[in-house]
Amino acid sequence: MASPSVISATPPGPYDVAVIGGGVIGHGIAWEACRSGRSVALIDDAPGTGASWAAAGMLAPVSELHYQEEELLALMLEASRLWPGFAAGLGGGRSDAGGTGYRTTPTLAVGADAADRRALADLRSVQLSCGLAVEPLTVREARGREPLLSPGISCAFDIPADHQVDPRRLLVQTAELLARDHRYTAVPRRAAGLRWDGDRVSGVSLEDGGEIRAGETIVANGLGAAGLQGLPGGLTLPLRPVYGDILRLRVPAALRPLLRCTVRGLVRGSPVYIVPREDGTVVIGATQREDAPSDPGAVSAGGVYQLLRDAQQLLPAVAELELLEATARARPGTPDNAPLLGRVAGSGSGPDYEGLIIATGFFRHGVLLTPVAAAVCRQLLDGEPDPRWDRFRPDRFANRSRDASAGDTTPPDTTTKDRAPA
């Protein structure tokens with residue numbers, strides 16, 4: 001990533017906004033906050049190296065519609081609507097290396113056998129019932145678009161609304177633009193917890209003992225959010241790590257372009273996707289496991305084998321590619337697979353705590369939801385929340401805890417500024 005302006009040994013401040021977390025979500029929020037005229041400190045000791053580094057960058061509200069997750073669809077569609085303007089603001093409309101790799105080419109969904117065809121057809125029925133456009137193609141039509149697809153695929157569907165971006169280029173581009181903004185400061189340190197001034201969050205304490213003072217603090221550090229000290233009493237951030245393996249391969253010159261659009265497939269019921277990049281590489285992913293390996297960055301040999309096997313069944317030329325990289329990262333999942341996004345209600349279901357916004361738990365949708373997460377945070381900063389997104393409040397899993405303490409009128413213990421109100 002680019003070398004942004006770095007904070008000095010003695011942190012200045014206060015800032016208007018402190019953002020904890022330097023992935024695509026944190027950078028997107030910081031970008032939007034700076035655009036609103038606010039001063040911003042982004043706190044991360046290793047920005048852009050987590051789940052964002054491994055992400056394929058599919059912007060796929062239609063393909064990513066899953067059974068019993070229909071409530072998430074409105075948020076995904078809003079994010080998709082915002083993406084063209086968000087990318088344009090970052091210079092993503094350019095095709096040179098300075099852009100974000102944002103591309104509006106459609107997605108093809110294909111199946112390997114008859115069971116996969118039935119599964120994709122059933123999913124299409126749900127997608128159509130939600131007003132989404134998914135058009136069946138013959139195998140000949142699909143291979144007319146993508147000649148290297150296997151002639152043995154069982155079905156194909158055109159999904160024109162599902163696009164892509166290159167998350168690594170997105171991170172670099174956003175960091176470079178932020179570094180040019182005098183209102184922005186990168187803080188290459190690890191956040192330890194929240195600082196409190198009475199019932200209000202007043203900034204961030206750092207692991208080295210320093211602190212960042214800020215009028216608003218936005219927690220956007222993925223799985224690390226649940227481990228922060230000083231979270232409000234009764235707040236539960238039920239985040240779980242969901243690991244995925246992802247491969248990057250170089251396409252030989254003789255095979256370019258291997259693909260013109262993203263291919264998402266089912267192979268004997270297992271999902272696989274192949275995403276082409278402008279630089280002559282492709283991304284293949286992604287497995288999903290919750291086995292908590294001893295090394296969080298460890299790549300599963302079985303996962304690599306499965307991805308290559310399944311991708312090759314849909315696109316035989318995969319066997320001719322050069323394997324450049326195998327990466328594994330953990331994505332932050334929640335019990336309902338929807339993000340934790342918004343403010344937090346005070347003790348006893350009182351008014352929201354001031355100075356605190358949560359933006360984590362984006363699971364497999366982090367890149368897609370970046371523009372809408374940034375927009376929601378800006379609305380909250382402006383004091384103009386959109387009630388459509390109340391269903392994603394981060395305190396929705398803590399309702400029982402707050403209700404149980406509704407009769408407790410004991411004032412919060414503020415003898416230490418690191419301690420959160422109970």
Side-chain angles (χ1 to χ4, degrees), residues 56-81 103-164 242 244 246 258-276 282-289 303 306-318 336-338 363-365 368-369:
M58 292 178 295
L59 310 177
V62 180
S63 301
E64 287 289 344
L65 175 63
H66 284 63
Y67 300 109
Q68 299 182 335
E69 294 183 18
E70 288 82 0
E71 285 194 350
L72 185 56
L73 178 61
L75 190 68
M76 294 196 295
L77 290 175
E78 178 67 6
S80 183
R81 184 187 71 81
R103 300 173 63 184
T104 57
T105 51
T107 292
L108 284 182
V110 300
D113 59 24
D116 298 326
R117 181 175 65 245
R118 289 192 295 271
L120 288 173
D122 289 344
L123 178 58
R124 177 175 181 256
S125 297
V126 177
Q127 291 164 331
L128 292 177
S129 71
C130 294
L132 306 176
V134 180
E135 297 301 326
L137 300 173
T138 65
V139 171
R140 175 175 292 184
E141 289 171 333
R143 297 190 72 232
R145 294 190 184 188
E146 299 293 353
L148 295 181
L149 281 173
S150 168
I153 61 174
S154 66
C155 65
F157 297 90
D158 178 36
I159 308 178
D162 284 0
H163 304 144
Q164 66 149 297
V242 184
I246 192 164
L258 184 77
L259 292 171
R260 294 175 177 83
C261 67
T262 297
V263 171
R264 298 178 65 110
L266 279 182
V267 179
R268 296 178 296 277
S270 296
V272 64
Y273 54 73
I274 310 168
V275 185
V282 296
V283 175
I284 297 178
T287 58
Q288 185 167 300
R289 49 195 170 89
Q306 176 186 325
L307 290 174
L308 291 174
R309 177 199 65 196
D310 293 350
Q312 187 176 348
Q313 183 156 347
L314 301 178
L315 197 71
V318 164
D336 57 6
N337 292 335
F363 192 21
R364 61 181 180 268
H365 309 300
L368 167 63
L369 295 179

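None of the values given here were measured: they were computed from a predicted structure. Counting begins at 1 with the first residue of the sequence.
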_Chi angles and distances behind the side-chain contact (heavy atoms from CB on, under 4.5 Å) call for Glu141, Glu135_ = CA-CA 12 Å; Glu141 289 171 333; Glu135 297 301 326; over 6 Å; no
*To the nearest 0.5 Å, what is the distance between CZ (Phe157) and CG (Leu137)?*
8.5 Å
*From CD1 (Ile153) to CG (Leu266), nearest 0.5 Å*: 12.0 Å
*Taking all non-hydrogen atoms of both residues into account, name the closest pair between Ala133 and Val62 and its distance.*
O-CG1, 4.4 Å
*Donor-acceptor pair, Asp122 side chain versus Ala119 backbone, under 3.5 Å?*
no
_Rounded at 0.5 Å granularity, tell me how far CD in Gln127 sits from CG in Leu120._
8.5 Å
*Atom CG of Leu75 and atom NE2 of His365: how far apart are they, to the nearest 0.5 Å?*
9.5 Å
_side-chain contact (heavy atoms from CB on, under 4.5 Å) between His66 and Asn337, worked out_ = CA-CA 10 Å; His66 284 63; Asn337 292 335; over 6 Å; no
*Side-chain contact test, heavy atoms from C-beta onward, threshold under 4.5 Å: evaluate it for Thr262 versus Thr105 and give yes or no.*
no
*Counting distance only, does the side-chain N/O of Ser150 pair as donor-acceptor with the main-chain N or O of Pro316 below 3.5 Å?*
no
*Any side-chain heavy atom of Met76 within less than 4.5 Å of one from Leu369?*
yes
*Test item: Ile246 and Tyr273 side chains (from C-beta on) under 4.5 Å apart, heavy atoms*: yes
_Looking at every non-hydrogen atom in both residues, tell me the closest pair between Thr107 and Ser63 and how far apart they are._
CG2-OG, 4.1 Å
*asked:* Could you check whether Gln313 and Arg268, counting side-chain N and O atoms only, form a donor-acceptor pair closer than 3.5 Å?
replied: yes
_Looking at every non-hydrogen atom in both residues, tell me the closest pair between Leu258 and Ala317 and how far apart they are._
CD1-CB, 3.8 Å
*Identify the two heavy atoms, one from Arg264 and one from Ala60, that lie closest to each other, and give their separation to 0.1 Å.*
NH1-CB, 3.9 Å
*Which heavy atom in Gln288 sits nearest to a heavy atom in Val242, and how many Å separate them?*
CG-CG1, 3.3 Å
*asked:* Using the rule given for side-chain contact (heavy atoms from CB on, under 4.5 Å), can you reason through Leu132 versus Leu73, listing the C-alpha separation, both sets of side-chain angles and the distance that settles it, and then say yes or no?
replied: CA-CA 10 Å; Leu132 306 176; Leu73 178 61; 4.1 Å; yes
*Report the distance from atom CG of Leu148 to atom CZ of Arg260, rounding to the nearest 0.5 Å.*
8.5 Å
*Measure from the side-chain N and O atoms of Ser129 to the backbone N and O of Val126, and report whether any donor-acceptor pair falls under 3.5 Å.*
yes
*Quick one: list whatever passes side chain to side chain donor-acceptor pair (under 3.5 Å) with Thr287, sequence neighbours left out.*
Asp245
*Write down the atom of Pro276, the atom of Gln164, and the distance for their closest heavy-atom approach.*
O-NE2, 2.9 Å
*Rounded to the nearest 0.5 Å, how far does CD1 of Ile159 lie from SG of Cys261?*
10.0 Å
_Minimum side-chain heavy-atom gap Leu259-Leu108 below 4.5 Å_ = no
*Intermediate values then yes/no, side-chain contact (heavy atoms from CB on, under 4.5 Å), Glu64 and Asp162*: CA-CA 9 Å; Glu64 287 289 344; Asp162 284 0; over 6 Å; no
